[in-house]
K.L.:
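Right, I'll just put the structure down here and ask away after.
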Amino acid sequence: MTNITYISHPNPTCKGNPLIEGLGYPMLQDEVEKACDNEVTKMGSLNDIPVQYHSYYARSAIDNLADCYITRDEAYALYEKIRRMIEAGYKNRNPVKPVIKNQMFTAIHQDGKEQQEAFHLKAITGQDIDSMLTANGSFLLAGLSGAGKTSMMLRILKLIPRELYHTTYLSSDGEEVKIEQLQIPYIYVQIHNRKGQKAFLKGVIEAIQVATKIPYLTRDVKNGDSVDDLIRLVRKLMLKHNVGILVIDEAQNIAPDVAADKDKKVLGGNEKTSISFIEEIFNRIGVPLFFIGTLSTLKLFGKEVTICRRTIKDGSLMLLGAEVDDDFWNRFFNQINLSQLLDGKHDSEDHLKRHLHTLTQGIPAIAISLMRATLSHMSKFGKGEQGMTIKALSHVFRQQFSELQKPLKALKNEKYHMYEDLAPLADLVEINKEISEQLAESESELKSRDEKKEKLSIPDTDKAADAKVENELEKVRKVKVKSKRSKVPVMDAKTAQKIGVKGLLKSNSGPKSNVIRENS
């Protein structure tokens with residue numbers, strides 16, 4: 001258990017809540033980046049090693065690139081987002097004022113085997129989705145398979161306390177409050193192969209069991225339990241152990257809502273897990289949801305132009321390729337460039353950095369693999385001939401990365417429709433065009449209005465209306481998606497281990513999804 005040092009939260013809606021104040025102060029951006037980074041382990045001196053073995057040990061040091069991890073620029077924004085979502089999830093579950101929480105416990109028990117209808121629970125939390133607890137938001141981290149989403153999130157979650165045990169809390173007025181409660185700030189689960197509702201719920205129970213070390217699966221789950229039974233247990237455990245947020249990885253494996261009425265959810269052991277099914281369970285008790293998945297996950301959140309109201313509250317982020325002049329790409333290249341291990345004349349670092357970006361379209365997983373393969377290839381040449389050059393990078397790319405040339409070319413030329421995994425990017429371009437037109441039209445109307453005022457010499461008494469229009473324009477600007485390929489998706493990380501794997505991206509025009517980037 002962790003010793004808790006309570007802070008005094010400056011936000012009045014969070015102040016006096018031990019679940020929130022027990023989390024302590026958040027980490028700063030440089031602290032997060034430093035904690036997440038795993039720099040490449042450098043080779044020591046080979047002075048005591050016979051010369052004939054130097055080439056072998058150079059390649060041994062090159063292999064260390066496989067364990068290198070440089071934090072993406074998006075890491076701190078995600079860390080901060082998940083911290084704030086956890087805080088939001090606790091606002092209505094304050095153990096110092098446990099009225100609502102106790103009422104929910106009672107309601108869950110009274111609903112018995114009617115957890116889906118949840119008549120008693122809805123009487124407390126509200127009869128419709130919009131009337132639920134304020135912590136009913138969701139967040140989506142989307143990107144192509146192998147984008148590093150999971151690796152980044154696991155590193156971020158390690159920066160948040162895994163468990164806290166509260167005993168005595170000193171309130172702001174000096175009163176000691178006995179709590180004696182375990183707090184689990186987050187639960188992390190993965191969904192595989194569109195498993196049924198029972199499998200998903202048991203996965204959540206298992207994650208809670210691992211976090212608490214209490215054998216819920218063997219003690220409280222029976223073979224004959226229905227989906228309603230499992231929902232009741234999951235809800236009770238979430239409240240009992242003060243779970244702050246549920247992180248759901250591999251969300252692309254969630255089944256789409258196929259019912260004509262998405263609010264009419266079907267329960268059953270063989271029924272697939274859908275977004276609406278998950279939302280109803282956890283949002284109803286005020287536990288926020290953090291989804292991680294490929295770009296196809298965007299289709300699960302509705303067919304509207306916006307990602308749908310389920311994610312609008314907390315937004316979403318797409319993890320794509322890096323820009324060549326980004327701070328990340330500079331730090332990344334400086335780490336993986338181990339040309340000092342080779343004996344030869346090397347091209348300038350800036351040329352190598354930019355050429356590596358051109359070949360890989362800014363995709364870190366492919367860049368590491370290509371750099372590692374090229375360094376190993378050149379280390380087999382004789383002394384003085386082991387130069388790390390753009391020619392060497394191009395040669396190894398053509399020889400060992402032929403499977404990636406066509407999809408990477410499609411990314412470069414914005415031919416997203418050629419590959420099923422890239423189809424959502426084509427939709428983003430179309431949506432960006434619509435947004436740009438909307439922005440231009442709104443700005444034109446505002447400009448026309450100002451010109452009319454000047455001609456008629458009308459006093460500027462409608463400042464409030466102008467401010468409202470400008471505010472709407474700002475919202476549009478924030479969700480604007482660049483139509484040019486400024487960032488490219490990160491490919492399957494497996495290609496960094498075994499180049500030549502078939503079917504990395506299926507050549508299929510496929511159906512297009514209507515998606516949009518939301519900035520929170």
Side-chain angles (χ1 to χ4, degrees), residues 27 30-46 49 53-76 78-79 141 143-160 162 188 190 249-250 292 319 321-322 326-342 349 352-353 356-357 359-380 386 388 392-393 396-397 400-401 404 489-501 504:
M27 298 177 70
D30 58 342
E31 294 173 331
V32 169
E33 293 175 351
K34 184 176 180 180
C36 290
D37 276 353
N38 184 25
E39 297 183 352
V40 64
T41 303
K42 301 297 178 64
M43 173 67 77
S45 174
L46 296 178
I49 304 297
Y53 300 118
H54 284 194
S55 178
Y56 172 86
Y57 287 111
R59 287 188 289 277
S60 176
I62 292 168
D63 288 341
N64 292 338
L65 285 175
D67 300 320
C68 176
Y69 181 85
I70 303 302
T71 310
R72 295 288 298 265
D73 293 338
E74 298 87 348
Y76 182 71
L78 290 173
Y79 164 79
L141 173 60
L144 285 187
S145 178
K149 305 178 296 295
T150 296
S151 179
M152 185 188 306
M153 281 309 304
L154 291 178
R155 291 172 184 272
I156 290 173
L157 290 175
K158 287 178 63 177
L159 308 181
I160 297 171
R162 188 69 180 89
Y188 171 88
Q190 290 185 333
D249 202 353
E250 304 295 343
I292 306 171
L319 187 62
D326 280 354
D327 178 63
F328 163 74
W329 191 257
N330 289 323
R331 292 186 293 110
F332 173 75
F333 179 79
N334 289 337
Q335 278 295 312
I336 68 173
N337 180 23
L338 302 181
S339 56
Q340 69 273 10
L341 295 174
L342 305 179
E349 289 189 356
L352 291 173
K353 178 188 72 173
L356 181 67
H357 185 277
L359 292 174
T360 65
Q361 294 299 290
I363 301 169
I366 300 178
I368 285 182
S369 182
L370 176 56
M371 179 62 79
R372 182 180 174 187
T374 305
L375 288 166
S376 295
H377 175 75
M378 296 308 299
S379 70
K380 298 174 183 178
Q386 301 174 359
M388 187 66 179
L393 283 169
V396 173
F397 183 78
Q400 300 186 32
F401 292 69
L404 297 178
V490 180
M491 293 296 179
D492 193 333
K494 291 181 180 178
T495 59
Q497 303 171 7
K498 185 178 180 181
I499 300 303
V501 175
L504 169 64

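Everything numeric here is computed off the predicted structure, so don't read it as measured data.
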K.L.:
Using 30° and 60° as the class limits, which term best fits the ring planes of Y53 and Y57: parallel, tilted or perpendicular?
P.N.:
perpendicular
K.L.:
Could you tell me which non-hydrogen atom of Y188 sits nearest to which non-hydrogen atom of D249, and how far apart they are?
P.N.:
OH-OD2, 2.6 Å
K.L.:
Checking side-chain polar atoms at under 3.5 Å, does S55 have a donor or acceptor matched by the opposite partner on R59?
P.N.:
yes
K.L.:
So, does S379 use its side chain to make a donor-acceptor pair with the main chain of S376 at under 3.5 Å?
P.N.:
yes
K.L.:
Any non-hydrogen side-chain atom of T360 less than 4.5 Å from a side-chain atom of F401?
P.N.:
no
K.L.:
Taking the side chain as every heavy atom from C-beta outward, state whether L352 and M388 have any pair of such atoms under 4.5 Å apart.
P.N.:
yes
K.L.:
With rounding to the nearest 0.5 Å, note down the distance linking CG in L338 to CZ in R372.
P.N.:
11.0 Å
K.L.:
Is there side-chain contact between V40 and I336, with heavy atoms separated by less than 4.5 Å?
P.N.:
no
K.L.:
I would like to know whether R331 and D37 meet side-chain contact (heavy atoms from CB on, under 4.5 Å); could you show each step before the answer?
P.N.:
CA-CA 11 Å; R331 292 186 293 110; D37 276 353; 4.0 Å; yes
K.L.:
Between H357 and A322 (side chain of the first, backbone of the second, donor and acceptor by atom type, cut-off under 3.5 Å), is there such a pair?
P.N.:
yes
K.L.:
How far does CG of L370 sit from CD of Q400, to the nearest 0.5 angstrom?
P.N.:
8.5 Å
K.L.:
With a 4.5 Å heavy-atom cut-off, do Y79 and C36 have their side chains touching?
P.N.:
no
K.L.:
Could you check whether any side-chain heavy atom of F333 comes within less than 4.5 Å of a side-chain heavy atom of E349, counting everything from C-beta outward?
P.N.:
yes
K.L.:
Between atom CD1 of I368 and atom CD1 of I363, what is the distance when rounded to the nearest 0.5 Å?
P.N.:
12.5 Å
K.L.:
Determine whether R155 and N38 make a side-chain contact, defined as any pair of heavy atoms from C-beta on separated by less than 4.5 Å.
P.N.:
yes
K.L.:
Between atom CD1 of I292 and atom CG of L141, what is the distance when rounded to the nearest 0.5 Å?
P.N.:
6.0 Å
K.L.:
Applying the side chain to side chain contact (heavy atoms under 4.5 Å, CB included) test to M378, which of V396, I62, L393, L342 qualifies?
P.N.:
L342
K.L.:
What I'd like to find out is whether the side chain of L356 reaches to under 4.5 Å of the side chain of W329, using heavy atoms alone.
P.N.:
yes
K.L.:
Charged N to carboxylate O under 4.0 angstrom, D326 versus R72?
P.N.:
no
K.L.:
Rounded to the nearest 0.5 Å, what's the gap from CD on E33 to CG on D327? Could you check?
P.N.:
7.0 Å
K.L.:
Which atom pair, heavy atoms only, marks the closest approach of Q340 to K42?
P.N.:
NE2-CD, 4.3 Å
K.L.:
Could you go through the salt bridge (charged side-chain N to carboxylate O under 4.0 Å, His left out) check for K34 and D30 one step at a time?
P.N.:
CA-CA 6 Å; K34 184 176 180 180; D30 58 342; over 6 Å; no
K.L.:
Rounded to the nearest 0.5 Å, what's the gap from CE on M27 to CG on L159? Could you check?
P.N.:
5.0 Å
K.L.:
Kindly give the heavy-atom pair with the smallest separation between L375 and L65, and that separation in Å.
P.N.:
CD1-CD1, 4.0 Å
K.L.:
Between L157 and R162, is there a side-chain heavy-atom distance shorter than 4.5 Å?
P.N.:
no
K.L.:
What heavy-atom pair brings Y69 and S151 nearest, and what distance separates the two atoms?
P.N.:
CE1-OG, 3.6 Å
